[in-house]
Amino acid sequence: VLREAAQEAQKSEYENAQKAADEERKKEFDNPKKFTVEADRPIHGNTSAPITIVEYSDFQCPYCKKGSDTMEEVLKAYGDKVRVVFKHLPLEGKHPNARRGS
């Protein structure tokens, strides 16, 4: 009897958590966050494009270089429909020359 009660309580707790997560997800879809681009932010492509891709990158990172190459291909393929907003995110512990700007 105790085991069944514990299992029922766990099931109820799981269902409540699932319901809360679903409600939170619905709120996020109903009220999406608005992305703003600061005036001084480096942008590649059409500044008023309907699609914005934010690229976080480290100038010393070989994987970031591959990502940057992919962004170039996206810009070529989609032209004025896409803009890429660059955000510098140096991996200071991994790359000795990667430093945050002052």
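This one's a predicted model, so the numbers in the text were calculated from it and none came from an experiment.
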Donor-acceptor pairs under 3.5 Å, side chain of residues 44-52 to any protein atom, not counting sequence neighbours: which ones?
unit_1, atom_1, unit_2, atom_2, d
His44, ND1, Glu72, OE2, 3.4
Asn46, OD1, Ser48, N, 3.0
Asn46, OD1, Ser48, OG, 3.1
Asn46, ND2, Asp80, O, 3.0
Thr52, OG1, Arg83, NE, 2.6
Thr52, OG1, Arg83, NH2, 3.1

Non-neighbouring partners of Lys87 that pass side-chain contact (heavy atoms from CB on, under 4.5 Å), sequence neighbours left out: Arg41, Val54, Tyr56
Is the CD atom of Glu4 crowded by more than 12 outside heavy atoms at less than 6.0 Å? no
In Å and rounded to the nearest 0.5 Å, what is the NZ to CD distance from Lys19 to Glu23? 5.5 Å
Can you name the residues that form a side-chain hydrogen bond (donor to acceptor under 3.5 Å, both in side chains) with Asn16, not counting sequence neighbours? none
In this structure, CD of Gln7 is separated from CD of Gln10 (nearest 0.5 Å) by 7.0 Å
Hey, what do you get for CD (Glu55) to CG (Leu89), rounding to the nearest 0.5 Å? 11.0 Å
When you look at CD of Glu13, are more than 12 heavy atoms from neighbouring residues, nucleotides or ligands closer to it than 6.0 Å? no
With heavy-atom distances below 4.5 Å as the criterion, would you say the side chains of Lys76 and Glu73 are in contact? no
How many angstroms lie between NE2 in His88 and SG in Cys64, if you round to the nearest 0.5 Å? 9.0 Å
Partners of Lys81 by side-chain hydrogen bond (donor to acceptor under 3.5 Å, both in side chains), sequence neighbours excluded? none
With the 4.5 Å side-chain cut-off for hydrophobic clustering, are Ile43 and Ile53 part of the same group? no
Apply salt bridge (charged side-chain N to carboxylate O under 4.0 Å, His left out) to Arg25 and list each qualifying residue two or more places apart in sequence or on a separate chain. Asp22
Does the side chain of Val74 reach to within under 4.5 Å of the side chain of Val84, using non-hydrogen atoms? no
Is it the case that over 12 heavy atoms from other parts of the model lie below 6.0 angstrom from the OH atom of Tyr78? no
Can you list the residues that meet the side-chain hydrogen bond (donor to acceptor under 3.5 Å, both in side chains) rule with Asp30, with sequence neighbours excluded? Lys26
